[in-house]
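The shown structure was predicted, so the numbers you read here are calculated from the model rather than taken from an experiment. One is the number of the first residue; the rest follow in order along the sequence.
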Amino acid sequence: LRVYPGNTITVSSSKTIVSIAFTCDSDSVNGTEYTAEGKVNVNPGSFALNGLTMKFTNINATSTVITNAETGSGGKTQMRIKSVVITYAN
């Protein structure tokens with residue numbers, strides 16, 4: 001899944017979402033990490049980038065909007081998501 005600068009992803013569920021984790025892609029030849037350079041917003045929630053893993057925590061809602069807030073161009077400004085893990089409240 002690719003998210004280009006200025007675009008959003010809305011994650012919705014009938015259950016309360018506690019957190020979301022994205023594993024992003026990288027290019028092993030040129031070393032580019034496709035993480036939007038960490039310029040990502042989430043509402044509601046908090047965001048942290050650790051290497052190629054994006055963590056969205058403190059969501060505690062049935063819907064959240066994740067935005068690629070990067071304003072530049074080129075591959076490194078994209079979010080290229082390889083996997084998604086969603087954690088729900090009990």
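- Every pair passing salt bridge (charged side-chain N to carboxylate O under 4.0 Å, His left out) that includes a residue from residues 59-71 is listed here, sequence neighbours excluded: Lys39-Glu70.
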Pair Ile17-Tyr88, side-chain contact (heavy atoms from CB on, under 4.5 Å): steps then yes or no
CA-CA 5 Å; Ile17 302 167; Tyr88 300 98; 4.1 Å; yes
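- Across all non-hydrogen atoms, the minimal contact from Ala36 to Val40 is CB-CG2, 4.1 Å.
- In this structure Leu49 satisfies the side-chain contact (heavy atoms from CB on, under 4.5 Å) test together with Thr35, Phe47, Met54, sequence neighbours excluded.
- Asn50 places no side-chain N or O within 3.5 Å of a backbone atom of Thr53 that could act as its donor or acceptor partner.
- Expressed to the nearest 0.5 Å, how far CD1 of Ile81 lies from CG of Leu1 amounts to 4.5 Å.
- For residues 11-25, no pair satisfies salt bridge (charged side-chain N to carboxylate O under 4.0 Å, His left out), with sequence neighbours left out.
- By the side-chain hydrogen bond (donor to acceptor under 3.5 Å, both in side chains) test, Thr8 pairs with no residue at all, sequence neighbours left out.
- Under the rule for a side-chain hydrogen bond (donor to acceptor under 3.5 Å, both in side chains), the partners of Ser83 that lie at least two apart in sequence or sit in another chain are Thr23.
- Contact between Thr32 and Gly75 at its shortest, heavy atoms only, is CG2-C, 4.4 Å.
- Rounding to the nearest 0.5 angstrom, the gap separating the CD1 atom in Ile59 from the OG1 atom in Thr64 is 4.5 Å.
- Residue pairs meeting the salt bridge (charged side-chain N to carboxylate O under 4.0 Å, His left out) criterion with at least one member in residues 42-57: none, sequence neighbours excluded.
- When the side-chain contact (heavy atoms from CB on, under 4.5 Å) test is applied to Tyr4, the partners found at least two apart in sequence or on another chain are Arg2, Asn7, Gln78.
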side-chain contact (heavy atoms from CB on, under 4.5 Å) between Val85 and Ile20, worked out
CA-CA 6 Å; Val85 175; Ile20 300 170; over 6 Å; no
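- Between Thr62 and Ser13 the shortest side-chain heavy-atom distance does not fall below 4.5 Å.
- We find the CZ-CD1 distance between Phe22 and Ile86 to be 7.5 Å, quoted to the nearest 0.5 Å.
- Chaining together hydrophobic side chains whose heavy atoms lie under 4.5 Å apart leaves Leu52 on its own.
- In terms of hydrophobic clustering, with Ile, Leu, Val, Met, Phe, Trp and Tyr side chains grouped at heavy-atom distances under 4.5 Å, Phe56 and Val65 are assigned to different clusters.
- Here Asn41 pairs with Thr67, Ala69 under the side-chain contact (heavy atoms from CB on, under 4.5 Å) rule; sequence neighbours left out.
- Residues satisfying the side-chain hydrogen bond (donor to acceptor under 3.5 Å, both in side chains) criterion with Ser12, sequence neighbours excluded, are Ser63.
- Smallest separation of non-hydrogen atoms from Pro5 and Gly72: CG-O, 3.7 Å.
- Applying the salt bridge (charged side-chain N to carboxylate O under 4.0 Å, His left out) test to every pair with at least one member in residues 74-90, sequence neighbours left out, gives these pairs: Glu37-Lys76.
- Residues meeting the side-chain contact (heavy atoms from CB on, under 4.5 Å) test with Ala89, sequence neighbours left out: Thr16, Val18.
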